[in-house]
Amino acid sequence: MSDKSEIAAYFRRVGPQRFVPTAHATGAWTADEQHFAPVAGLLIHEIQRMRADEQRPAMDLSRITFDILGRVPVGEFDVAVQVVRPGRTIELVEATAVAAGRAVVTARAWLMSSGDTASVAGGALDPLPAPESRPRWAMDSLWPGGFIASLDVRTVGEYRPGRAAAWISTELDLVEGEPSDTVTSYITLVDTANGIAAREKPSEWMFPNLDLSIHLHRQPEGRWVGLDTAVVFGGTGQGLTTTILHDVAGPVGYAQQILTVRPQSADWPPTR
């Protein structure tokens, strides 16, 4: 990991497909792994960069699924991108993060061409209160790690175990010296949903997610990510985090994360 904590980004590019995390990318569960959220954003950043470099048809991200195949260690890693299903109006692209010769995260993104459907648009829920009107929450009082410490978090309404809403933003770039589009920057913060509505103290219980699935019915705008989140723990070690995703204009889609739930005294990390 880079020891240059003054770098105002989560990653530095050190090769055509190779990256090194900064201190801002460290995780919340253990100090020797990266937080998944910026890794997810980086995979989308590389998908968008590949499509721009190849001058592929302009399309909107509509569904993105991430599978976390193992812990993402702190250190250099590579990102490989391939088009799985090319098309003029619909396309499927896959990105894979590889650390120490092993795939640790995969992302699959469906992209769709855009069109004018404003005359039939409807069905979305009410927007959240504006982030500027909400109080700040020091999320790093509950969660450790460089990534959580890098966030500006504003709470919305009253917190209850397993139920909370918040606005999230960051002043940091994803990759040093490389601009990211608004949607990529938005996706970088979505994984935070599992941390804002914790059902139990993370010092006593572990409930990391094994995946992240995002469905968008419109493209988010602006720098704020709104998370209206509910967390359910089942009785046999599984949990589910479900989030209505917002920007300042209102809902943009949904996210879900499947959780592995176990007491802190249990053997960790789990076999994946």
Side-chain angles (χ1 to χ4, degrees), residues 9-13 15-19 36-69 77-98 103-124 169-170 173-191 211-226 243-257:
Y10 295 109
F11 301 102
R12 289 188 297 119
R13 188 185 295 273
Q17 297 178 306
R18 175 157 288 202
F19 300 87
F36 169 64
V39 176
L42 181 64
L43 295 185
I44 300 304
H45 178 83
E46 288 300 277
I47 286 174
Q48 300 284 53
R49 192 174 72 95
M50 178 277 292
R51 298 193 76 256
D53 288 347
E54 295 187 0
Q55 299 183 332
R56 306 194 68 79
M59 297 182 188
D60 292 338
L61 286 162
S62 59
R63 191 219 69 183
I64 311 100
T65 55
F66 300 92
D67 287 305
I68 305 171
L69 307 178
F77 65 105
D78 297 290
V79 177
V81 181
Q82 63 172 336
V83 178
V84 178
R85 191 273 194 192
R88 291 179 296 176
T89 60
I90 299 174
E91 188 161 272
L92 179 63
V93 184
E94 182 178 78
T96 303
V98 179
V104 289
V105 180
T106 62
R108 279 199 160 198
W110 278 107
L111 299 103
M112 301 166 56
S113 60
S114 61
D116 184 1
T117 56
S119 64
V120 294
S169 70
T170 180
D173 293 331
L174 185 58
V175 180
E176 183 186 27
E178 299 183 21
S180 293
D181 62 81
T182 300
V183 180
T184 298
S185 298
Y186 187 98
I187 291 170
T188 299
L189 302 180
V190 170
D191 182 67
D211 76 338
L212 171 63
S213 177
I214 299 171
H215 290 77
L216 299 173
H217 58 76
R218 69 173 176 86
Q219 300 296 281
E221 300 177 359
R223 61 181 290 264
W224 288 98
V225 177
T243 302
I244 304 170
L245 300 173
H246 292 251
D247 65 10
V248 292
V252 301
Y254 291 84
Q256 288 196 311
Q257 299 156 284

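Being a predicted model, the structure only gives us computed values, none of them experimental.
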Do Trp110 and Ile64 have side chains that get closer than 4.5 Å, going by heavy atoms? no
Close side-chain approach of Leu245 and Val190, heavy atoms under 4.5 Å: yes
Validation row, ring centre Tyr10 to ring centre Phe19 under 6.0 Å: no
Taking Asp53 for its side chain and Gln55 for its backbone only, find out whether a donor-acceptor pair lies under 3.5 Å. no
Surrounding CE of Met112 (heavy atoms of other residues, nucleotides or ligands, distance under 6.0 Å), is the total greater than 12? no
Checking side-chain polar atoms at under 3.5 Å, does His45 have a donor or acceptor matched by the opposite partner on Thr184? no
Are the side chains of Arg13 and Glu176 in touch, meaning some heavy atoms are under 4.5 Å apart? no
For a 4.5 angstrom cut-off between non-hydrogen side-chain atoms, does Val93 reach Gln82? no
Candidate pair Asp67 and Leu69, rule side chain to side chain contact (heavy atoms under 4.5 Å, CB included), full reasoning: CA-CA 6 Å; Asp67 287 305; Leu69 307 178; 4.2 Å; yes
When the side chains of residues 213-223 are checked against the rest of the protein, which donor-acceptor pairs come out under 3.5 Å, sequence neighbours left out?
{"residue": "Arg218", "atom": "NE", "partner": "Pro251", "partner atom": "O", "Å": "3.4"}
{"residue": "Arg218", "atom": "NH1", "partner": "Asp247", "partner atom": "OD2", "Å": "2.8"}
{"residue": "Arg218", "atom": "NH2", "partner": "Asp247", "partner atom": "OD1", "Å": "2.5"}
{"residue": "Arg218", "atom": "NH2", "partner": "Asp247", "partner atom": "OD2", "Å": "3.4"}
{"residue": "Arg218", "atom": "NH2", "partner": "Gly250", "partner atom": "O", "Å": "3.2"}
{"residue": "Gln219", "atom": "NE2", "partner": "Leu61", "partner atom": "O", "Å": "2.7"}
{"residue": "Arg223", "atom": "NH2", "partner": "Ser169", "partner atom": "OG", "Å": "3.0"}
{"residue": "Arg223", "atom": "NH2", "partner": "Glu171", "partner atom": "OE2", "Å": "2.9"}

Side chains of Gln256 and Thr65: does their closest heavy-atom pair fall under 4.5 Å? no
Is the shortest heavy-atom distance from the side chain of Phe66 to the side chain of Phe36 under 4.5 Å? yes
For the residue pair Asp211 and Gln257, confirm or rule out a side-chain donor-acceptor distance under 3.5 Å. no
Are the side chains of Arg85 and Glu91 in touch, meaning some heavy atoms are under 4.5 Å apart? no
Is it the case that atom CD in Glu54 sees more than 12 heavy atoms from other parts of the structure closer than 6.0 Å? yes
Hey, are the side chains of Leu111 and Asp60 touching, using non-hydrogen atoms and a 4.5 Å cut-off? no
Applying the side-chain contact (heavy atoms from CB on, under 4.5 Å) criterion to Phe11, which one of Asp173, Val79, Leu174 satisfies it? Leu174
How many angstroms lie between CZ in Arg56 and CD1 in Ile47, if you round to the nearest 0.5 Å? 12.0 Å
